[in-house]
Trainee: 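One structure, as structure tokens, below. Some questions next.
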Amino acid sequence: MPVEEFVAGWISGALGLVLGHPFDTVKVRLQTQTTYRGIVDCMVKIYRHESAYCLAPFDLIKVRLQNQTEPRAQPGSPPPRYQGPVHCAASIFREEGPRGLFRGAWALTLRDTPTVGIYFITYEGLCRQYTPEGQNPSSATVLVAGGFAGIASWVAATPLDMIKSRMQMDGLRRRVYQGMLDCMVSSIRQEGLGVFFRGVTINSARAFPVNAVTFLSYEYLLRWWG
């Protein structure tokens with residue numbers, strides 16, 4: 001059922017994206033800025049000053065838009081650097097060249113390649129462990145397995161996710177890093193090894209509900225069409 005699987009995956013992925021986007025914004029801010037005292041402080045400040053929301057098709061544009069801190073629609077305040085995803089993409093292309101649109105691409109690739117395997121192995125393993133042979137996994141099993149699969153993959157992905165976010169923000173005002181390795185070394189030197197797991201708490205908090213909903217909707221859509 002390739003068509004049904006594609007549509008089910010698309011719908012469930014969209015639901016997961018909508019649910020997880022606010023948490024993703026907080027995660028990016030914590031990884032790339034030092035003005036927040038923690039997760040709650042970051043959430044409160046974003047809600048109070050920005051009501052941040054963006055629909056960006058590319059990860060770089062998403063990160064740049066999420067890092068805008070100028071309040072919107074307030075008299076006398078400076079206008080946002082980017083007016084939206086299209087303006088953001090055009091500005092990056094104009095100011096940083098075509099390569100600017102691919103900033104952080106290697107870190108993104110290295111982040112996603114192993115974690116996709118961890119993601120599905122964890123989900124399948126938990127479903128098989130807690131489902132009687134010959135039966136479909138229950139809704140509770142799918143929710144728990146999907147949630148923990150998301151957490152496992154994001155714990156593994158967070159170090160390179162932090163590097164990716166910093167590489168993507170590099171060049172916004174001035175170049176700080178000479179490359180991905182330089183970004184890693186500089187981050188360790190200035191902030192210690194703990195910097196690689198900055199954002200892991202918010203990643204996990206986002207990952208469980210997002211992936212629980214994603215897998216549950218995917219499984220139910222396949223059963224409904226099957």
Trainee: Among residues at least two apart in sequence or on other chains, which ones pass side-chain hydrogen bond (donor to acceptor under 3.5 Å, both in side chains) with Arg111?
Mentor: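 Listed in chain order: Asp161.
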Trainee: Supply the atom-to-atom distance Phe120 CZ to Ser153 OG, rounded to the nearest 0.5 angstrom.
Mentor: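 So the CZ of Phe120 and the OG of Ser153 are separated by 9.5 Å.
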Trainee: Please evaluate residues Asn67 and Gln168 with respect to the criterion side chain to side chain contact (heavy atoms under 4.5 Å, CB included), reporting the C-alpha separation (whole Å), side-chain torsions for both, the decisive distance (0.1 Å), and the verdict.
Mentor: CA-CA 11 Å; Asn67 268 284; Gln168 289 173 328; over 6 Å; no
Trainee: Decide yes or no on salt bridge (Lys or Arg N to Asp or Glu O under 4.0 Å) for Glu96 and Arg64, but give the supporting numbers first.
Mentor: CA-CA 13 Å; Glu96 304 173 42; Arg64 290 285 178 94; 3.0 Å; yes
Trainee: Taking transitive links into account, so neighbours of neighbours count too, which hydrophobic residues share a cluster with Val185 at under 4.5 Å side-chain distance?
Mentor: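 Direct or chained contacts put Val185 with Leu181.
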Trainee: Can you tell me how far the CE atom of Met184 sits from the CE atom of Met162, to the nearest 0.5 Å?
Mentor: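 Rounded to the nearest 0.5 Å, the CE-CE separation comes out at 7.5 Å.
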Trainee: Among Tyr119, Phe148, Phe208, which residue meets the ring-ring contact (aromatic ring centres under 6.0 Å, His included) test with Phe215?
Mentor: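 With Phe215 as partner, Tyr119, Phe148, Phe208 yield a single ring-ring contact (aromatic ring centres under 6.0 Å, His included), made by Tyr119.
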Trainee: I'd like to know if the side chain of Asn211 pairs up with that of Tyr123 as donor and acceptor (distance under 3.5 Å, no hydrogens or angles considered).
Mentor: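 Distance-only check fails for Asn211 and Tyr123.
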Trainee: Using only heavy-atom distances, determine whether the side chains of Ser187 and Arg166 contain a donor-acceptor pair under 3.5 Å.
Mentor: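 A pair is found: one side chain offers a donor N or O, the other an acceptor, under 3.5 Å apart.
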Trainee: How many angstroms lie between atom CD of Glu124 and atom SG of Cys127, to the nearest 0.5 angstrom?
Mentor: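 Those atoms lie 6.0 Å apart.
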Trainee: Measure the CD1-SG distance between Ile61 and Cys88 for me, rounded to the nearest 0.5 Å.
Mentor: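 Separation between the atoms: 5.0 Å.
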Trainee: Give the cluster check for Trp154 versus Ile121: same hydrophobic cluster or not, with ILVMFWY residues linked at side-chain heavy-atom distances below 4.5 Å.
Mentor: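 No: no chain of side-chain contacts under 4.5 Å links Trp154 to Ile121.
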Trainee: Kindly determine whether Thr131 and Asn136 satisfy side chain to side chain contact (heavy atoms under 4.5 Å, CB included), including the steps that lead there.
Mentor: CA-CA 7 Å; Thr131 301; Asn136 290 323; 6.0 Å; no
Trainee: Measure the spacing between CG of Asp182 and CZ of Arg189 and express it to the nearest 0.5 Å.
Mentor: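 Between Asp182 CG and Arg189 CZ, I get 8.0 Å after rounding to 0.5 Å.
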Trainee: Specify the closest pair of heavy atoms between Asn203 and Thr158, including all atoms of both residues, with the distance to one decimal.
Mentor: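 That would be ND2-OG1, 3.0 Å.
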Trainee: Following the transitive rule for hydrophobic clusters with a side-chain heavy-atom cut-off under 4.5 Å over Ile, Leu, Val, Met, Phe, Trp and Tyr, establish whether Leu60 and Val86 coincide in one cluster.
Mentor: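 No: no chain of side-chain contacts under 4.5 Å links Leu60 to Val86.
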Trainee: Side chains of Val195 and Gln190: does their closest heavy-atom pair fall under 4.5 Å?
Mentor: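 Contact flag for Val195/Gln190 side chains = no.
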